[in-house]
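I have placed the structure first, in the form of C-alpha cells, so that the comments after it can refer back to it.
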Amino acid sequence: MSENVVHLHKPTDPPAADTAPTVLTVVPDAPPAPSVPLWVRSGRAVKTAATHESTRATVRAVARHGLYTLNGGRIVARRTWDGKTGARYERMIRAAEAAGNLEAAEEWEERLQRFRAARHHRRMDLLHSPIEAAKGVAVGAGMSVGVLVALGVVMAINTGEARDVVTPLTATIDFIALLIRIVQVVWGPALTIGPFLALLGLWSVGRKQQAAPNWALPANVRNGEGEPITPSIVVKALRDLGVPALARAIKEMGDAGASMLGPIRIAGCGVEVDVTLPSGVSTIEVQNRRRKLAENLTRHEHEVFITIPTAARTVRLWVADSGALDEPIGPSPLVTDETLTADYAKGRAPWGQDLRGDAASLSLYQRHLLITGLSNQGKTAALRALALWLALDRTVEFRVADLKGAGDWAMFDGLATVLIQGPTDDHVIEATEMVEGGVAEMERRLTAPPGTAFPPLTLLVDEAQVAFMCPLTDANKRPYGGSKATSRYFMAARKIHNQGRAVNVLLWQGTQDPTDQNLPKLVREGAHVRASLALGTESQARMALGDKAVNGGAAPNLLRPGLDKGTVVVASDGIAIPAGQSSITVRTHYIDTDTAAEIAERAKRLRDGVTTLRVIERGEERDPLTDIATVLGDAPRVLTADVLKRLSSLNADAYGGWTPGDLKRVLEAAGAEPYKSDGRMVVGRDRVLRALANRDADGSASASE
C-alpha cells in the first residue's frame, strides 16, 4: 500500500473570527503510469514519419525527378544511337514483318539501304577533310595577311608614317589575344556549370516523356490514361474481366497467361493482338464485356474493338491509342487531286480510312448498296462521296431521288438524268416511277442480243424509308409503299436486286433507323454492300448488316451518336476486310456541300451535257413533241432507244409503254422522222425544233384567220 500524503489547506488571508478551522485532507497518490521503452516510442515515431503523406510525396518527388534525369539520358542515348545507326529502320522492318505488311517492310529496307549509303559517303569524305581543311586554312591565312598588309601600306601612304604598315596586323593580333583571354576567363566556370546544364537538359527530356514509374508520377498524371499496351496489361485486363473460368485458367498457367497472346502488332493508330481463350471460355463472354475490358485497358469503350477471326476460341482485340479516334482524318482524294477520275469496272472509290489508318476503298462494280443509320450521323455525306467518285466516270448514268429535299443532292442538277427532291407523297410517286423506269430499262437490256455492252445505270434513293412508308395507292388500288407483293416501290426494288446487276442496273438506297416497317427484310438482304453508321440497338444492327456480321463482332450500335459521325461499319466483299473478319469499320472522308458542288462541276465537264428531268405536275395533258424536245436537251442527236428511256423517266404513265414505232409515228407526223447515223437510228434535235416552230407558226396563222 502506498503512503498517504497529508495536504494542509491554508487560507491566503487571515481568518475572521467566525471562520471555520483549517481542514486537513488525506489524498491517496495516483497509480504510477506504465513506462514505455524508448525504442518502442522511437519506432512509432519513425513509422508515423515514414507513412505520413508528406513523406511519401517527398519520396515520390525525389524518385520521380531522379528517374527523369536517368531515363532522360537513356532516351537521349537511344535517339543518338538511332540517328547514327540504322536501328530505327530495323525496328520498323520487324514491326512491318510482324504485321504481315511486306510492302511496308520492303520500303523501310530501301530506306535503310539509302541511309547506309549516305553514311558511308560521309565517312569517306572525312578521310580527305583534314587535308582539305589545312589547305583552306593556309590559303585563307595567307590571303588575310596580304589584305592586312595592303591596308597598312595604304594607311602608311596616307599618314606618311612607315610604322602604320603593320598597324592593321598588330590590331588583329591584339583582338585575337583579347578573345583568348575571354575564353580563359569563361572556360573555368563553363566547365563547372556545363555538367549541371547537361543534367538539366536530360531531366527536361525525361519530364516531357513522363519517364518514371506510374507510382512516382503526380496524382493528376498517374491515372494510366494512354498507357501503352503490353502483354502483362492485356493479360491482367482479361483476368479481371469477371469471367471465373478465364481468371482461374490464367492463374493456373505457368507463364501467367502469356501463352494466350499472339504478337502485339502496330495497327494504324493503335495495336492489335489475337487472344486464344482457354477451354471453357467462349468468345461471346469476352464480346459481351467490351466496356469492362476497355476500362481495364485504360481506354474508353469506343477505343476497343473485338472481332472473331477464323481460329477457334480466339478473339482479336484492336486497341486505339488514347484519343486517336477523336482526331479527324485527312481530306478526300476527290478534294486534293483535281485530276482524279473514276473507273466503274476496275476502280475503287476512296471512301476513308480503316482503324489501322490505311486507306479504305470500295469497289462499286455491279453492287447494289444500302447505307443506314440514325438521323444526322453523316449518312447522306457518306453516300454522296461514293456517288461523286462514280460520277467522274463519264459512262455512268445517274437517276437520283432525294426524299428529304434539303438540297444535299442539288449539285447533281445537270449531272443526273433524273433529279427528284422533296419529301411529299407526290415526290414518292415520282421516285417509285423512276425505279420502275429502271426496271423497264433492265428488262430491255435483258432481252438484248447476247454480248451487248450496257453503260452503268445507278438509281439512287436517299431517305428510302419515306417511300416504304408511303400510304398512297394508285388508280388500280396498288400501294406505293409497304412490303407486300402489290407494293410498287418494294416490287421494283426487288426486281432490280434480282437481275439488275447482270446488266449494270444498280440500286443504291440510304435510310434511317432500320426496322421491318421502313426497310423490309428482302430489300435489306438484296444489297451487296451493307453499311451502317451509329444505331440505337443490336437488333437494328442485325437488320442493317445481317446476323453474320454482328455475330462476327460488327457493332454499329456501340458507335457514339454525334461523336462518331461519318464512321461506318461495312459488310461487303467490295472492300478489303482483314482475314477472318466479317466486317470493317471505316472513318469516311467528309466532303461538304460546297466542295461537293465543285467536284460535280468537274464531272459535268467530262460529259457532253446532260439534261436533268425534275418532278413534274401529275395529271396534266402531255404534248409528245414538246416532251421529245425536252428530253433531247442540247445534244444534236440522241439514239431513239435513249429518247424512249428518257420519255419513260419523264412520265411513266404517258410514255412507259411506248415502243420505237410509237416514237416514229409521232415524229413522222410532225415532219421530224428519225434517221440513221453511224448505222443507228437517232432523233435530230434540229428537226424536232424546226417541227415545233412550224407547228406554232401554223397555229398562229390559223388563229389570225
Side-chain angles (χ1 to χ4, degrees), residues 46-95 108 111-112 115-116 118-119 122-123 125-126 129-130 133 137 175-233 264 266 269-271 297-299 319-324 326-327:
V46 170
K47 180 180 179 181
T48 301
T51 58
H52 195 272
E53 183 57 34
S54 61
T55 305
R56 299 164 87 176
T58 302
V59 171
R60 283 198 300 266
V62 172
R64 177 169 67 252
H65 293 290
L67 290 171
Y68 280 168
T69 305
L70 178 63
N71 291 328
R74 179 180 58 82
I75 293 171
V76 171
R78 182 175 180 179
R79 290 176 179 174
T80 304
W81 177 258
D82 286 346
K84 298 295 184 182
T85 68
R88 176 188 292 108
Y89 301 94
E90 292 174 355
R91 283 200 307 272
M92 299 304 295
I93 292 172
R94 289 195 297 270
W108 281 109
R111 293 184 181 182
L112 176 60
F115 169 80
R116 287 174 174 170
R119 183 179 61 185
R122 290 194 300 271
R123 289 176 177 175
D125 289 343
L126 288 176
S129 59
V137 169
F175 178 72
I176 294 174
L178 176 62
L179 293 179
I180 293 174
R181 285 195 295 272
I182 292 174
V183 171
Q184 288 175 340
V185 172
V186 174
W187 186 254
L191 289 178
T192 304
I193 300 174
F196 293 100
L197 295 177
L199 290 175
L200 180 62
L202 297 179
W203 173 85
S204 178
V205 173
R207 180 179 178 274
K208 187 175 182 180
Q209 298 293 327
Q210 296 295 329
N214 195 47
W215 59 267
L217 295 176
N220 59 341
V221 178
R222 197 174 59 253
N223 56 10
E225 190 74 18
E227 189 174 2
I229 301 300
T230 62
S232 60
I233 289 176
I264 297 179
I266 297 175
C269 57
V271 296
L297 293 169
T298 65
R299 296 295 191 274
V319 185
D321 297 335
S322 184
D326 295 327
E327 297 293 329

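Please read all numbers here as calculations on a predicted model, not as lab measurements. Basis for what follows: all heavy atoms, side chains included, without hydrogens, waters or symmetry-related copies.
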How many angstroms lie between atom [atom1] of [X] and atom [atom2] of [Y], to the nearest 0.5 angstrom?
X    : Y    : atom1 : atom2 : value
I264 : I233 : CD1   : CD1   : 8.5 Å
R299 : I229 : CZ    : CD1   : 4.0 Å
Y68  : L200 : OH    : CG    : 14.0 Å
L179 : Q184 : CG    : CD    : 11.5 Å

